[in-house]
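Position 1 is the first residue of the sequence, and the numbers go up from there. Counting starts at 1 for both ligands and their atoms, in listed order.
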Amino acid sequence: MRYSALSLLKNALTGNRDWQPAWRQPAPKPHYDVIIVGGGGHGLATAYYLAKEFGLRNVAVIEKGYVGSGNVGRNTTIIRSNYLLPGNNPFYELSLTLWEGLEQDFNFNAMVSQRGIVNLYHSDAQRDAYTRRGNAMRLHGVDAELLERPALREMLPFLDFDNARFPVLGGLLQRRAGTVRHDAVAWGYARGADSRGVDIIQHCEVTAIRRENGRVTGVETSRGFIGCGRLALATAGNSSRTAEMAGLSLPIESHVLQAFVSEGLKPFIDCVVTFGVGHFYISQSDKGGLVFGGDIDGYNSYAQRGNLAMVEHVAEAGVSMIPALSRVRMLRAWGGIMDMSMDGSPIIDRTPIDNLYLNAGWCYGGFKATPASGYCFAHLIARNEPHETARQMRLDRFERGYLLDEGGKGAQANLH
Ligand SMILES: Cc1cc2nc3c(=O)[nH]c(=O)nc-3n(C[C@H](O)[C@H](O)[C@H](O)COP(=O)(O)OP(=O)(O)OC[C@H]3O[C@@H](n4cnc5c(N)ncnc54)[C@H](O)[C@@H]3O)c2cc1C
C-alpha cells in the first residue's frame, strides 16, 4: 500500500477502515538465503537494500524484541557527516545523501530535518582542529563552514558566550546535518523490506548459531531452528553476545548511553548544538521537547537504563553551555546499550567463518549511519565484496594496527 496525499484523503473519508498493517507477522520458514539477526535500524536497512538493490528476497530479519525496541528507537536522532578521516568521511556522506532521498525512496515520513549542526569551539587549539576537520570535509565535497563568534552570537544568542571557564569562541557548522525521527526510520525500512518479501520475525531470540564443517547452517531461536545460506549479525549493543555464539571474540565493549527529553517549550533551538569542552549535544523536537545527551555511563552493562551520576553530569554540561536550561524541567530519560569499538569506528566485514557477516561497533554514532550501513552491509552480503566507502571498516584492523581513530580519544572504550 503506497502512502500519498490521495490515500490519506480517501481513508479519512472512508472512516480509516482500509489501512493495511505496515508489515506482516509471518511464521518463520525452515530456511532462508539470508538471515539477519537484529531488527534495529541497521538490520532492517540491510534487508531493505538486499531486496531492493540486490534482488535477494528470501531474507528474514530476526528480532528478539519488537522493531524499534533497541538503539534505533532510543537515540538522540542526530544525523551528520562531519568526519575527518578518509576512512570515515565518504561513508557518512553516502549516508547523508541517502537520508536526503530516503522518505521518497521508502515512501514513509521519517521527518528528516536538515536543520544543521554546530560544534562549538572554546580555545585556539580547538579552532585549529575544527578548521582542519572542516577543510577535510570540503576536500571530500562535504559542506562545512567555520563561524566566528559574532556570527554565532547572532545565530545562537542563548549560549553562554562569556562563560569564564569555557568561553565560546566560534563553531563548525554543517548545514545539511540535522535530525530524523528515529523510530519512523525503523518502521519505514521494515515496511519497505516487508513489501519486497522480507520476513520480519519479531519476539524471536537467537540463542545459538549452528555450524557444520566450518560453515554456519542456521540459528537456534526461541521459535525453533531456522536454516540459512548466509548469516548476518546486526545486533548493536549485543554484538559481543551474538558473535560469541559463533566462537568469535570481538574488540567491542558494551556500555550504557542515556538520552533525556525536557518538557515541551516554544521553539527555542532550531539546529543541533554540541558543546566543545564537555560531551553534550542538544536539539529541539517538533513537539517542543529539548532532546539531549552526553557521555556513556562508563561501566560495562547490557541494561537499557543508566545511573543518576550521569544525569547530573549531563545536566551540568548543559547548563554550562546554555544557562537557561537550569529553569527547564526534565521529563524523560532512558538508556541504550552501545557497542563501543576500541577505536570508536564501526565494523562492516566478513568474519573468519565463511558465510558469517558482521555489522557492529557503532558506538554512539550509528543512527546517522543507518542508510549507508544497510546499503554497504547488503553489498557485502550479496557480492561478498566490501562497498568502496566501507573498505576500511575491517574486523582485522585492530590486530593489523590500521585503526580508524576518528575521535582521537584513545583506544580505550571508556575514554571515547
Ligand atoms: C541514548 C542514545 C543516543 C544516541 N544518539 C545518537 C545520535 O544522536 N546519532 C547517532 O548517529 N547515533 C546515536 N546513537 C547510536 C545509535 O542509536 C546506534 O549506534 C544504532 O542505532 C545501532 O544500530 P541499530 O539501530 O541496528 O541498533 P538496535 O536498534 O539496538 O538494533 C539491534 C537489535 O538487535 C536485537 N538483538 C540483540 N540480540 C539479539 C538476539 N540474540 N536475537 C535477536 N535479536 C537480537 C536487539 O533487540 C535490537 O533490536 C545513540 C544511542 C543511544 C542509546
Could you work out, for atom 27 (O) of ligand 1, the closest of Gly43, Ala45, Ala236 by heavy-atom distance?
Ala236
Provide, to 0.1 Å, the distance between atom 49 (O) of ligand 1 and the closest protein heavy atom, together with that atom's residue and name.
Glu63 OE1, 2.7 Å
Numbering the atoms of ligand 1 from 1, which are under 4.0 Å from a heavy atom of Gln258?
1 (C)
Does a side-chain heavy-atom distance below 4.5 Å link Val118 with Met155?
yes
Ligand 1-proximal atoms of Ile62, by part, heavy-atom distance under 4.0 Å
backbone
Logged contact type for Phe367 with ligand 1, heavy-atom cut-off 4.0 Å, is both
Provide the number and element of each atom of ligand 1 under 4.0 Å from a heavy atom of Val37.
42 (N), 43 (C)
Quiz question: by atom type and distance under 3.5 Å, do the side chains of Gln284 and Asp270 form a donor-acceptor pair?
no
Between Trp99 and Phe367, does the ring centroid distance fall short of 6.0 Å?
yes
Residues at least two apart in sequence or cross-chain that pass ring pair (Phe, Tyr, Trp, His ring centres under 6.0 Å) with Tyr130, listed by chain then number, are none
Please write down residue, atom name and distance for the protein heavy atom closest to atom 36 (N) of ligand 1.
Thr235 CG2, 3.9 Å
Please tell me whether Ser254 and Asn300 have a donor and an acceptor in their side chains that are separated by less than 3.5 angstrom.
no
Is the number of heavy atoms from other residues, nucleotides or ligands under 6.0 Å of Glu388 CD greater than 12?
no
Residue set satisfying side chain to side chain contact (heavy atoms under 4.5 Å, CB included) with Cys228, at least two apart, ordered chain then number -> Ile35, Val216, Leu231
Give the single entry among Lys368, His42, Arg80 that approaches atom 26 (O) of ligand 1 most closely by any heavy atom.
His42
Heavy atoms only, cut-off 4.0 Å: how does Cys363 contact ligand 1, side chain, backbone, both, or neither?
backbone
Apply side chain to side chain contact (heavy atoms under 4.5 Å, CB included) to residues Phe108 and Glu103 and explain how you reach the verdict.
CA-CA 5 Å; Phe108 200 83; Glu103 293 167 299; over 6 Å; no
Hey, do the aromatic rings of Tyr364 and His279 have their centres closer than 6.0 Å?
yes
Min heavy-atom dist Arg241 to ligand 1 below 4.0 Å:
no
Please report which non-hydrogen protein atom sits nearest to atom 31 (O) of ligand 1, along with the residue it belongs to and the distance in Å to one decimal place.
Gly40 CA, 3.2 Å
Any side-chain donor near an acceptor of the partner, Thr235 and Thr242, under 3.5 Å
yes
With a 4.0 Å cut-off on heavy atoms, is Ala234 touching ligand 1?
yes
Donor + acceptor pair across side chains of Arg241, Asn238 (<3.5 Å)
yes
Any nitrogen or oxygen of Lys64, side chain or backbone, less than 3.5 Å from one on ligand 1?
yes
Out of all atoms in ligand 1, which are within 4.0 Å of some heavy atom of Trp362? Include the element for each.
19 (O)
Counting each atom of ligand 1 from 1 as listed, which ones have a heavy atom of Cys204 under 4.0 Å away?
43 (C)
Can you name the one residue among Tyr189, Phe91, Tyr49 that meets ring-ring contact (aromatic ring centres under 6.0 Å, His included) with Tyr375?
Tyr49
If the cut-off is 4.0 Å to any non-hydrogen atom of Thr77, which atoms of ligand 1 fall inside it?
8 (O)
Near Met338, which atoms of ligand 1 are under 4.0 Å from a heavy atom of that residue?
15 (C), 51 (C), 52 (C), 53 (C)
Less than 3.5 Å apart, any donor N or O on the side chain of Gln174 or Asn82 sitting next to an acceptor on the other?
no
Return yes if a side-chain donor-acceptor contact under 3.5 Å exists between Thr77 and His182, otherwise no.
no
Heavy-atom contact check, 4.0 Å cutoff: does Ala369 meet ligand 1?
no
Would you please say whether a donor-acceptor pair under 3.5 Å links the side chains of Arg350 and Asn355?
no
Is there a heavy atom in Gly237 that sits closer than 4.0 Å to ligand 1?
no
At what distance is the nearest protein heavy atom to atom 8 (O) of ligand 1, and which residue and atom is it?
Thr76 OG1, 2.8 Å
Between the candidates Thr207, Ile78, Ile296, Val185, which shows the shortest non-hydrogen contact distance to atom 9 (N) of ligand 1?
Ile78
Regarding atom 41 (N) of ligand 1: of the candidates Val206, Val256, Ile209, Val272, which has the closest heavy atom?
Val206
Looking only at protein heavy atoms, which one is nearest to atom 52 (C) of ligand 1, and how far off is it?
Leu257 CD2, 3.7 Å
For Ala259, the atoms of ligand 1 under 4.0 Å from one of its heavy atoms are 1 (C)
What part of Asn71, side chain, backbone, both or neither, has a heavy atom within less than 4.0 angstrom of ligand 1?
both
For atom 4 (C) of ligand 1, closest protein heavy-atom neighbour
Asn75 CB, 3.1 Å
Give the single entry among Gly39, Gly38, Gly41 that approaches atom 25 (O) of ligand 1 most closely by any heavy atom.
Gly41
Atom 15 (C) of ligand 1: of Phe292, Tyr66, Tyr364, the nearest heavy atom sits on Tyr364
Tyr281 ring center near Phe275 ring center (under 6.0 Å):
no
Check whether any heavy atom of Gly68 sits under 4.0 Å from an atom of ligand 1.
no
Numbered atoms of ligand 1 (with element) below 4.0 Å of Thr242, judged on heavy atoms
41 (N)
Short side-chain donor-acceptor distance under 3.5 Å, Ser373 and Asn359:
yes
Atom 38 (N) of ligand 1 - nearest protein heavy atom and its distance
Asn238 CB, 3.6 Å
What protein heavy atom is closest to atom 1 (C) of ligand 1, reported as residue, atom name and distance in Å?
Arg74 O, 3.3 Å
Is the closest side-chain heavy-atom distance between Met338 and Cys363 below 4.5 Å?
no
